[in-house]
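Just so you know, ligand 1 is whichever comes first in the structure, and atom 1 is the first atom listed for that ligand. Note: hydrogens, waters and symmetry copies are ignored here, and every other heavy atom, side chains too, is used.
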Amino acid sequence: MQASGERNALRRRLLQQRLQTAPSLRQQWDAVLMQQLLDWCHQQQPSSLAVYWPIQAEPDLRACYPQLVSMGISLALPWVVQADAPLQFLAWQPGDAMEADRYGIPLPAQRTHLLMPEVVLVPCVGFNADAYRLGYGGGFYDRTLAAFPSIRALGVAYRCAQADFLPGEHDIPMQWMLTEDQADACTGGHQS
Ligand SMILES: Nc1nc2c(c(=O)[nH]1)N(C=O)[C@@H](CNc1ccc(C(=O)N[C@@H](CCC(=O)O)C(=O)O)cc1)CN2
Ligand SMILES: Nc1ncnc2c1ncn2[C@@H]1O[C@H](COP(=O)(O)OP(=O)(O)OP(=O)(O)O)[C@@H](O)[C@H]1O
């Protein structure tokens, strides 16, 4: 455990660094990450995958989402239904009508079709050598992974977001991490 002040300072520093990275460099990294994600899916063959609509200079992998659909993978997007509750996942396909959520993030306008994804792609503000992650501080993904232990977490981050920090009391490590320089299977996952 680490004082929450230190954790917040690290979160802010890493987010700032990501926002200041040149878009052209991020796009090069995103192209590599998309290939990693496609390779990972070919290998692991998940039947469903929660993806995300990027915010705050998160890796933008949207260009490969149609290819995931054509591989037969059902996609979903995360939905904050309530602030202190796990995320829900709305079935989604590229081209669906969208409407912004309370954070301004596009979500399917049709919010009736929920799905429980086999794998969740988790954008990380930071991550450490044991694949523990720092997010925006809402605890949404941690609450979700705790509530639905069958979900496997595939973290995504740029390598420069790796930092040394101790896990918080609720933190659940990512089972795999994708970075633009390598795809790691992590040993610290909460299920086999
Ligand atoms: N792309 C993406 N979608 C996602 C998430 C995510 O991490 N990334 N979420 C994963 O949880 C959920 C949304 N959670 C979010 C939590 C905080 C902020 C955010 O920008 N917070 C501001 C402060 C906002 C405020 O206090 O009003 C900030 O951190 O500066 C955005 C989304 C669901 N969708
Ligand atoms: N499983 C859980 N049950 C209850 N509260 C939780 C759980 N996971 C996280 N929280 C709470 O959520 C808050 C934020 O947690 P943390 O600092 O780990 O956020 P984060 O992982 O960076 O955010 P996010 O997952 O939304 O990107 C903390 O107050 C924490 O106590």
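In terms of protein heavy-atom proximity, atom 31 (C) of ligand 1 is closest to Ile55 CD1, 3.7 Å. Of all protein heavy atoms, the one closest to atom 24 (P) of ligand 2 is Gly139 N, 3.4 Å. Residue, atom and distance of the protein heavy atom nearest to atom 17 (O) of ligand 2 are Arg11 NH2, 3.3 Å. Looking only at protein heavy atoms, the nearest one to atom 30 (O) of ligand 1 is Gln56 NE2, 4.0 Å. Of all protein heavy atoms, the one closest to atom 14 (C) of ligand 2 is Gly137 O, 3.0 Å. Looking only at heavy atoms of the protein, atom 13 (C) of ligand 1 is closest to Val80 CG2, 3.7 Å. Looking only at heavy atoms of the protein, atom 21 (O) of ligand 2 is closest to Asp142 OD2, 2.9 Å.
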(message) Could you go through Tyr136 and Leu15, starting from their C-alpha distance and side-chain angles, then the distance that decides it, and tell me whether this counts as side-chain contact (heavy atoms from CB on, under 4.5 Å)?
(response) CA-CA 9 Å; Tyr136 298 103; Leu15 192 52; 3.9 Å; yes

(request) Give the intermediate values and the outcome of side-chain contact (heavy atoms from CB on, under 4.5 Å) for residues Tyr132 and Phe127. (result) CA-CA 5 Å; Tyr132 282 95; Phe127 67 102; over 6 Å; no

(message) Walk me through whether Asp30 and Arg62 qualify under salt bridge (charged side-chain N to carboxylate O under 4.0 Å, His left out).
(response) CA-CA 10 Å; Asp30 291 347; Arg62 284 175 297 173; over 6 Å; no

(request) Determine, stepwise, if the pair Glu180 / Arg159 fulfils salt bridge (charged side-chain N to carboxylate O under 4.0 Å, His left out). (result) CA-CA 7 Å; Glu180 74 282 6; Arg159 175 60 67 185; over 6 Å; no

(request) Could you please spell out the steps behind the side-chain contact (heavy atoms from CB on, under 4.5 Å) verdict for Val51 and Leu61? (result) CA-CA 9 Å; Val51 293; Leu61 311 182; over 6 Å; no

(message) Between Ile151 and Tyr141, is the side-chain contact (heavy atoms from CB on, under 4.5 Å) condition met? List the steps.
(response) CA-CA 11 Å; Ile151 293 181; Tyr141 281 111; over 6 Å; no

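Atoms of ligand 1 found under 4.0 Å from any heavy atom of Phe140 (numbered from 1 in listed order, with element): 11 (O), 14 (N). Those atoms of ligand 1 that come under 4.0 Å of a heavy atom in Pro123, given as number and element, are 8 (N). Listed by atom number, the atoms of ligand 2 under 4.0 Å from Arg133 heavy atoms are 21 (O), 24 (P), 25 (O), 27 (O). Each of the atoms 18 (O) of ligand 2 lies under 4.0 Å from some heavy atom of Asp171. Less than 4.0 angstrom separates some heavy atom of Ala146 from each of these atoms of ligand 2: 1 (N). Less than 4.0 angstrom separates some heavy atom of Trp53 from each of these atoms of ligand 1: 1 (N), 2 (C).
Residue contact annotation: Pro78 has a non-hydrogen atom under 4.0 Å from ligand 1.
Taking only nitrogen or oxygen atoms, main chain and side chain alike, Leu134 does not reach within less than 3.5 Å of ligand 2. In terms of polar-atom proximity, Phe140 is counted as a contact of ligand 2, with an N or O under 3.5 Å from an N or O of the ligand.
Of all heavy-atom pairs spanning Asp60 and Tyr158, the tightest one is N-OH, 4.3 Å.
Residue contacts with ligand 2, taken as heavy atom pairs separated by less than 4.0 Å, do not involve Glu169 at all. Contacts of Ile105 with ligand 1, taken as heavy-atom pairs under 4.0 Å, involve the side chain alone.
Ser47 and Glu118 share a donor-acceptor pair across their side chains, judged by distance under 3.5 Å alone. Side-chain atoms of Gln35 and Asp39 form a donor-acceptor pair, as typed in the model, at a separation below 3.5 Å. Remark: the Glu6 side chain and the Asn8 side chain contain no N/O donor-acceptor pair separated by less than 3.5 Å.
Proximity annotation for atom 20 (P) of ligand 2: of Ala147, Ala85, Gly135, Gly135 comes nearest, heavy atoms only. Of the options Glu58, Arg12, Arg11, Arg143, the smallest heavy-atom separation from atom 6 (C) of ligand 1 is shown by Glu58. Nearest-residue assignment for atom 16 (P) of ligand 2 (options Arg143, Arg7, His170; heavy-atom criterion): Arg7. Between atom 29 (O) of ligand 1 and the options Tyr52, Tyr136, Trp79, Tyr141, the minimum heavy-atom separation is to Tyr136.
The presence of a protein heavy atom under 4.0 Å from atom 27 (O) of ligand 1 is ruled out. The protein does not reach atom 28 (C) of ligand 2 closely, with no heavy atom under 4.0 angstrom from it. For atom 34 (N) of ligand 1, the nearest protein heavy atom lies closer than 4.0 Å.
The one candidate from Arg143, Arg133, Arg7 that meets the salt bridge (charged side-chain N to carboxylate O under 4.0 Å, His left out) condition with Asp171 is Arg7.
In this pair, Trp92 and Trp53 present their aromatic rings perpendicular. The plane angle is above 60°, beyond the 30 to 60° band.
In the hydrophobic clustering of this structure, Leu77 groups with Trp79; members are Ile, Leu, Val, Met, Phe, Trp, Tyr whose side-chain heavy atoms approach within less than 4.5 Å, directly or through other members. At a threshold of 4.5 Å between side-chain heavy atoms, the hydrophobic network of Ile, Leu, Val, Met, Phe, Trp and Tyr places Tyr52 and Val69 in one connected group.
The main-chain N or O of Leu107 is never found under 3.5 Å from a side-chain atom of Glu99 such that the two would form a donor-acceptor pair.
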